[in-house]
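Taking it in order: structure first as C-alpha cells, then the write-up.
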There are 2 protein chains.
Amino acid sequence: MELDSTDRLLLNLLQENALLTVREMAEKVHLSITPVHDRIKKLENQGIIEKYVALVNRKRIGRAMMVYCFVTLDKQRREGFQEFNEAIRQLPEILECSVVSGNFDYLLKIVVADMEAYNTFYQSKLSVLSSVSHMSSSFVMEEVKSTTLLNL
Amino acid sequence: MELDSTDRLLLNLLQENALLTVREMAEKVHLSITPVHDRIKKLENQGIIEKYVALVNRKRIGRAMMVYCFVTLDKQRREGFQEFNEAIRQLPEILECSVVSGNFDYLLKIVVADMEAYNTFYQSKLSVLSSVSHMSSSFVMEEVKSTTLLNL
DNA sequence: GTTGAAACCGGTTGTCT
DNA sequence: AGACAACCGGTTTCAAC
C-alpha cells in the first residue's frame with residue numbers, strides 16, 4: 001500500500017513519458033527488469049496509475065481558444081446540481097468542471113476553436129441550462145504552465 | 001497537414017488509451033497496420049501528438065486538496081509578469097497557470113496534500129512572490145469532470 | 001492503400017537465489 | 001523481493017502489388 005522512493009520515482013518517470021521501456025526504467029532506478037515490471041503492474045492494479053493517454057497539442061488541431069467559466073446556480077432548485085453535473089459531463093468542449101468554494105459554485109475549463117465557436121457554444125449549450133443563475137467567462141490569453149505531472 | 005476523419009479517430013483513440021496496439025487501431029479504423037503506423041508517426045512528428053503520459057490518481061497518492069487561486073499583479077512593475085511566470089514554472093504544486101481576461105490577471109490550479117499543506121505552500125511560496133498585488137483562493141469541493149480528451 | 005516476410009525488441013511468465 | 005532465461009507478441013522496415 002505504501003509507496004517507497006522507487007515507486008515514487010517510477011511514477012514520476014511514467015508521468016513524463018508513458019512509453020519508457022521497463023528496461024530503461026530499471027536502469028534509472030537501479031533494479032532489474034522483473035521487480036520494476038511487478039511494481040508497475042501493482043501501481044496499475046491499485047488504481048494509482050489510472051490510465052495511459054496521448055496528449056494532443058490543441059493549437060495544432062485548431063482549438064486555439066480556452067476559456068474559464070464561473071457559474072452560479074439557482075439555489076432554490078434543489079435538484080439543480082445533479083442536473084447540471086450530468087449536462088456538463090455530456091459536453092466534450094468542457095474538459096474540467098469543479099464545485100468550488102467562494103463567490104460562485106462551479107469553475108469550468110472549456111476548449112473550442114475560436115471566439116465565434118465559443119459564442120455559439122455559450123449561447124446554445126451553456127446558457128440554456130436550467131438551474132443556472134449566473135455565468136461569467138474569463139478568456140485565456142497565455143498558457144504559462146500546463147502539466148499533468150503530480151511530482152512525487 | 002490536414003486531418004482526415006481517420007486521423008481524427010486515431011487521435012481520439014490514443015487520447016483515451018495510449019497503449020492500444022497498432023493492430024487494434026487498424027481494426028477500429030478499417031485499415032491495415034502499415035498506413036495506421038505511418039499516420040501515427042506523422043502525427044507525432046508534426047507535434048500534434050505532444051507526448052504519451054501516465055495519469056495518476058491524486059487522491060490515492062495523498063494529494064486530496066485542489067485549489068484554484070486568482071492572482072492580480074502590481075501593474076506598476078513592468079518586469080513583474082516575467083518574474084512571476086518563471087517563479088510559477090518552478091513550483092511543482094502548480095499544475096496549470098494561465099494569463100486571463102477579467103477581474104484578475106492569473107488563474108492557477110494547485111494540488112497539495114491537505115489544508116495544512118496548502119497553508120504552508122501559500123505562506124512560503126505564493127505570498128512571498130514580489131509583484132503580486134492580490135490573491136484569492138477557491139477550494140475544490142467536488143471534481144465533476146476531468147479529462148485530457150480533445151474530442152475530434 | 002494492402003499483403004506478407006523478416007529482424008528486432010520489449011513484455012510476460014516461470015524458476016531460481 | 002530481486003535476477004535470469006525463454007517465449008510470445010508487437011513494432012518496424014522492406015518489398016511487391
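Chain naming here is simple, since letters A, B, ... match the order of the sequence lines and numbering starts at 1 in each. From a predicted model like this one, the values you see are computed outputs, not experimental measurements. All values below come from the heavy atoms of this structure, side chains included, with hydrogens, waters and symmetry mates left out.
Partners of B:Glu116 under the side-chain contact (heavy atoms from CB on, under 4.5 Å) rule, at least two apart in sequence or in another chain, are B:Asp114. Listed by chain and number, the residues in a salt bridge (charged side-chain N to carboxylate O under 4.0 Å, His left out) with A:Arg39 are A:Asp4, A:Asp7 (sequence neighbours excluded). With sequence neighbours left out, the side-chain contact (heavy atoms from CB on, under 4.5 Å) criterion links A:Asn103 to no other residue. Checked against side-chain contact (heavy atoms from CB on, under 4.5 Å), A:Lys51 has the following partners two or more places apart in sequence or in another chain: A:Val53, B:Leu55. Every residue two or more places apart in sequence or in another chain that forms a side-chain contact (heavy atoms from CB on, under 4.5 Å) with B:Pro35 is listed here: B:Leu31, B:Ser32. Under the rule for a side chain to side chain donor-acceptor pair (under 3.5 Å), the partners of B:Thr21 that lie at least two apart in sequence or sit in another chain are B:Glu24. Looking at residues two or more places apart in sequence or on another chain, you find a side chain to side chain donor-acceptor pair (under 3.5 Å) between B:Gln123 and B:Asn119.
Protein atom CG of B:Leu19 is 18 Å distant from nucleotide atom P of D:dG9, rounded to whole Å.
Within residues 3-17 of chain A, no residue has a heavy atom under 4.0 Å from DNA chain D. Residues of residues 23-45 of chain A having a heavy atom closer than 4.0 Å to DNA chain D, listed by number: A:Leu31, A:Ser32, A:Thr34, A:Pro35, A:Arg39.
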### Query
Where does DNA chain D pair, written as one dot-bracket string 5' to 3', with Watson-Crick or G-U pairs under 3.5 Å, ( ) inside the strand, [ ] for crossing pairs and | for another strand?
||||||.||||||||||
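Listed for the B:Ser138 side chain is a donor-acceptor partner under 3.5 Å among the backbone atoms of A:Ser101.
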Check: residues 106-113 of chain A side-chain donor-acceptor pairs under 3.5 Å, at least two apart:
{"residue": "A:Tyr106", "atom": "OH", "partner": "A:Asn85", "partner atom": "OD1", "Å": "2.6"}
{"residue": "A:Lys109", "atom": "NZ", "partner": "A:Glu96", "partner atom": "OE2", "Å": "2.9"}
{"residue": "A:Lys109", "atom": "NZ", "partner": "B:Glu96", "partner atom": "OE1", "Å": "3.0"}
{"residue": "A:Lys109", "atom": "NZ", "partner": "B:Glu96", "partner atom": "OE2", "Å": "3.3"}

Side chains of residues 10-19 of chain A: which donor-acceptor partners sit under 3.5 Å, not counting sequence neighbours?
{"residue": "A:Asn12", "atom": "OD1", "partner": "A:Leu152", "partner atom": "N", "Å": "3.0"}
{"residue": "A:Gln15", "atom": "OE1", "partner": "A:Leu150", "partner atom": "N", "Å": "2.8"}
{"residue": "A:Gln15", "atom": "NE2", "partner": "A:Leu11", "partner atom": "O", "Å": "3.4"}
{"residue": "A:Gln15", "atom": "NE2", "partner": "A:Leu150", "partner atom": "O", "Å": "3.0"}
{"residue": "A:Asn17", "atom": "OD1", "partner": "A:Leu19", "partner atom": "N", "Å": "2.9"}

